[in-house]
**Student:** 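I am attaching a structure below and will ask some questions about it afterwards.
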Amino acid sequence: MNRPYLPIPSAPAPHALPDGAVATSEPDLLACRHAWRLLCDTTDLASLAAAPQLRADPALADALQDAFHAGRLPGALIETEVRRALLDGPTDATLLAAVLLAAVALVRLRGGRRALLLADACAGRARRPDAGRVGGAVLRAHATLVLARRAPLRDAALVQAEACRIEAGRPDTLARSAVLWTGVRLLCGAPLAELQHYGEAVRLAIPAGPASAATSQLDGRIALFRALADGTHAPFVPAVAPDAMQFGCWLGCLQAAWLRGRMGVARAALAAARQLVTPLTAPCELLPYHLFGVLSLARVQGVPGATAQLRVHRRALGDWARRAPDLAAAMALLADAAGQDAGGGVRALAVYERAAALAQARGQAWLAALAWEGAAGLCAREGLAGALPGYRGLALDTWRAWGAHGRVRDLTVAWGTVPTALDHAQQARAARADTVGELGIAIAHEVNQPLAAILLHAAAARRWLRRGQPDTARALEALEQISTCGRQAGDIVRSVRGLARREGEAASTFALDAAVAEVTQLLRALMVRQNVQLDTRLQLPGRHIHASRAQIQQVLINLLLNAIEALAAISDRPRRIVLESASAGPALVELRVRDNGPGIAPADRERIFDALYSTKPQGTGVGLSISRAIVAAHGGRIECVPAEPHGALFRVVLPMPDAERAAAPSAARDHA
């Protein structure tokens with residue numbers, strides 16, 4: 001096929017900045033778009049990597065590699081290589097240029113399948129023995145810029161390790177590869193000991209000599225791992241001049257400063273790193289940059305532009321979570337929690353918990369530990385003394401499980417002794433905060449339903465009244481429906497207000513089945529989302545008890561939420577909860593919550609009602625403890641027994657008032 005004449009400009013010199021110039025944070029996207037169009041017009045992308053004519057061009061190779069190291073992309077240089085490849089076949093430098101262009105196309109030029117095919121073809125050619133001196137850089141770019149965005153992270157880690165082996169004889173590129181490999185493995189959930197051992201082994205393999213930007217990045221990464229592992233506090237100072245530091249250097253300074261509580265230094269490092277972000281910044285560095293950016297800005301007060309920058313980082317993590325949930329979903333949740341926390345209030349507590357649970361499920365223990373730290377900090381600021389020890393304990397346990405014993409020591413010193421027991425009032429406050437937080441989504445859904453109905457009926461009333469002959473009868477009917485929906489929303493809000501109240505509610509006489517029905521209404525939307533079927537069997541119509549309505553409902557909500565969570569892991573049978581009210585004798589009534597989940601081990605059944613004991617990794621261990629305290633305060637009892645053939649059965653037995661006892665049939669069956 002005859003190709004059009006494409007004039008080839010002379011190869012530019014290796015990328016260098018004139019004296020006094022500032023490093024650009026954006027590539028020449030116009031040149032990249034032009035190069036991408038040239039590639040899209042060709043019929044065989046693989047020809048870039050498989051053409052027999054491979055001419056060595058050290059000047060171009062050095063220029064591309066220098067630009068890649070510095071975090072900058074010379075678009076004109078890539079266009080030059082693309083034009084050359086389409087005319088005469090690619091040089092070894094073309095392989096790196098094409099992978100970088102594919103990465104830009106994925107991020108900024110809306111490239112898709114062709115970008116992946118191009119990068120795969122170049123990576124395949126880079127593995128051949130005659131790939132030239134940029135073979136390792138091609139694989140490194142392919143792993144950290146392309147695969148990390150589109151493939152399972154494990155694949156990116158394997159290709160990055162392959163790049164490390166190829167670049168073993170080149171100290172500077174080996175150091176940079178080690179930084180990126182540890183970054184990818186960190187996102188994969190590798191234990192801290194593995195990351196520290198690998199970084200130190202690579203550093204020992206690099207001959208002694210003047211420090212470069214790449215070796216300074218590796219030194220900073222190793223110092224960070226050591227501080228987390230053994231608690232050394234010697235601050236890391238890069239051995240290169242500040243104006244020569246690359247993105248990875250500033251990222252290391254940002255993370256180290258935040259972990260040591262030096263927020264001013266962290267914000268300065270964040271501002272410096274911000275100037276070096278490009279479409280070719282590796283995701284394994286870009287994601288921690290956005291995360292620690294949020295964490296550093298969330299508690300800032302009165303700094304111009306801080307709120308806007310916080311939104312930028314949160315939005316970036318949200319975009320990443322949609323494109324690559326295995327990489328960034330937990331980070332985005334943690335960023336949302338920190339952002340909500342910055343606005344004050346305790347609503348962020350439930351989001352911290354979800355972030356920690358998701359991070360644990362993805363194997364990102366360090367991220368879960370940061371989430372638990374955030375929850376503990378919120379409790380300390382809001383005066384939630386009851387929940388504070390539980391969250392601090394979870395943070396310490398999670399850091400310890402990851403191998404960050406130095407971080408555990410630092411936090412233990414900063415926090416002091418973590419209490420091991422809570423008094424009744426503290427447990428009650430913690431349990432109420434947990435219950436209201438977990439109910440937030442369900443309550444919002446339930447209130448939205450009558451509000452939506454109100455809007456529809458209001459629109460209908462307007463239509464009936466605006467007719468040529470107003471239909472007042474139908475308009476009045478719509479207005480009556482509005483009143484009904486308004487009362488329904490008010491009932492929901494009033495029932496939740498009782499749960500959230502800090503002071504104890506005075507006891508009153510109320511119908512037990514009616515109170516149970518209110519709870520099922522609150523949790524109905526949550527059960528639908530979790531695909532849980534609720535079978536309600538209320539057998540005490542008109543039967544009353546004398547108790548705190550809000551506290552009895554809180555006990556029931558705790559039991560139902562625990563059952564819903566236990567059923568989350570069930571996939572081989574329908575998820576089912578049976579909720580019953582029944583007579584337990586002439587003087588007693590009983591509530592039963594039975595699920596068909598995995599059940600509770602006998603050893604755990606003996607301790608699940610103890611304070612701060614939980615069978616869930618993210619549990620605080622106060623829900624069942626305060627439930628038992630509430631039931632006991634009302635003269636009743638609560639117990640857990642196995643359910644047949646699967647699951648657990650919780651039984652709550654409560655006494656009836658004297659008048660109700662007399663009215664109850666003397667021959668009532670004993671269900672206890």
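What you are looking at is a predicted structure, and each value in this text was computed from that prediction instead of being measured. Quick note: numbers below take in every heavy atom, side chains included, and nothing from hydrogens, waters or symmetry partners.
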**Student:** Will you find, in the side chains of Y391 and E353, an N or O donor that is under 3.5 Å from an N or O acceptor?
**Tutor:**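 Yes, E353 and Y391 have a side-chain donor paired with an acceptor closer than 3.5 Å.
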
**Student:** I78 and side-chain contact (heavy atoms from CB on, under 4.5 Å): which partner among L100, V104, V99, L96?
**Tutor:** L100

**Student:** Side chains of F292 and L370: closer than 4.5 Å at any heavy-atom pair?
**Tutor:** yes

**Student:** Side-chain contact test, heavy atoms from C-beta onward, threshold under 4.5 Å: evaluate it for Q309 versus R274 and give yes or no.
**Tutor:**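 A side-chain contact exists here, since the closest heavy-atom pair is under 4.5 Å.
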
**Student:** Heavy atoms only: give me the nearest P288-Q255 pair and the separation to one decimal.
**Tutor:** CB-NE2, 3.8 Å

**Student:** Output yes when R407 and D410 qualify as a salt bridge under the 4.0 Å nitrogen-oxygen rule, no when they do not.
**Tutor:** no

**Student:** Between SG of C188 and CD of E194, what distance do you get to the nearest 0.5 Å?
**Tutor:**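 Taking SG in C188 and CD in E194, the distance rounds to 9.5 Å.
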
**Student:** Rounded to the nearest 0.5 Å, what separates atom CG in L349 from atom CD in Q340?
**Tutor:**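 Those atoms lie 11.0 Å apart.
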
**Student:** Kindly give the heavy-atom pair with the smallest separation between V408 and L396, and that separation in Å.
**Tutor:**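 That would be CG2-O, 3.6 Å.
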
**Student:** Using a 4.5 Å cut-off on heavy atoms from C-beta on, say whether the side chain of L334 contacts that of Y352.
**Tutor:**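 Result yes, sub-4.5 Å side-chain heavy-atom pair found.
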
**Student:** By ring-ring contact (aromatic ring centres under 6.0 Å, His included), which residues pair with Y289, not counting sequence neighbours?
**Tutor:** F247, H313

**Student:** So which atom in A356 and which in A368 form the shortest heavy-atom distance, rounded to 0.1 Å?
**Tutor:**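 That closest heavy-atom pairing would be O-CB, 3.7 Å.
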
**Student:** Measure the shortest side-chain to side-chain distance between L411 and R392 over non-hydrogen atoms and say whether it is less than 4.5 angstrom.
**Tutor:**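 They are not in side-chain contact.
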
**Student:** With side chain to side chain contact (heavy atoms under 4.5 Å, CB included) as the criterion, how do M331 and L367 come out once you've worked through the C-alpha distance, each side chain's angles and the decisive distance to 0.1 Å?
**Tutor:** CA-CA 7 Å; M331 287 191 187; L367 192 57; 3.6 Å; yes

**Student:** Please report the interatomic distance CD(E373) to OG1(T398), rounded to the nearest 0.5 Å.
**Tutor:**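 Answer for the CD-OG1 pair, E373 versus T398, is 10.0 Å.
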
**Student:** Between E200 and R226, does the salt bridge (charged side-chain N to carboxylate O under 4.0 Å, His left out) criterion hold? Intermediate values first, please.
**Tutor:** CA-CA 10 Å; E200 291 173 343; R226 286 174 176 170; 2.9 Å; yes

**Student:** Any side-chain donor paired with an acceptor under 3.5 Å for Q275 and W250?
**Tutor:** no

**Student:** Can W372 and W399 be said to form a side chain to side chain contact (heavy atoms under 4.5 Å, CB included), step by step?
**Tutor:** CA-CA 10 Å; W372 291 129; W399 280 122; over 6 Å; no

**Student:** Write down the atom of R221, the atom of T182, and the distance for their closest heavy-atom approach.
**Tutor:**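 Shortest heavy-atom contact: NH1-OG1, 3.0 Å.
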
**Student:** Does the side chain of D219 reach to within under 4.5 Å of the side chain of R203, using non-hydrogen atoms?
**Tutor:** yes

**Student:** Could you tell me whether the side chain of W320 reaches within less than 4.5 Å of the side chain of L286, counting heavy atoms only?
**Tutor:**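 Yes; the side chains approach each other to less than 4.5 Å.
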
**Student:** Between R409 and D230, does any side-chain N to carboxylate O distance fall below 4.0 Å?
**Tutor:**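 D230 and R409: not salt-bridged.
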
**Student:** At their closest point, which heavy atom of V351 faces which heavy atom of L333, and how far apart are they?
**Tutor:**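 So the minimum-distance heavy-atom pair works out to CG1-O, 3.5 Å.
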
**Student:** Write down the atom of C32, the atom of G75, and the distance for their closest heavy-atom approach.
**Tutor:**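 Reported closest heavy-atom pair: SG-CA, 3.8 Å.
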
**Student:** For the rings on W181 and Y198, is their centre-to-centre separation under 6.0 Å?
**Tutor:** yes

**Student:** Looking at CD of E285 and CG of L276, how far apart are the two atoms once the value is rounded to the nearest 0.5 Å?
**Tutor:** 11.0 Å

**Student:** Going from CG on L145 to CG on L106, what distance comes out if it is rounded to the nearest 0.5 angstrom?
**Tutor:** 9.5 Å

**Student:** When you compare the side chain of Q364 with that of L186, does any pair of heavy atoms fall below 4.5 Å?
**Tutor:** no

**Student:** Between CG of L295 and NE2 of H290, what distance do you get to the nearest 0.5 Å?
**Tutor:**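 Here the interatomic distance stands at 13.0 Å.
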
**Student:** Would you say the side-chain atoms of R267 and S296 include a donor-acceptor pair closer than 3.5 Å?
**Tutor:** no

**Student:** Verify side chain to side chain contact (heavy atoms under 4.5 Å, CB included) between I206 and L218, making sure each step is shown before the conclusion.
**Tutor:** CA-CA 11 Å; I206 297 176; L218 181 56; 4.1 Å; yes

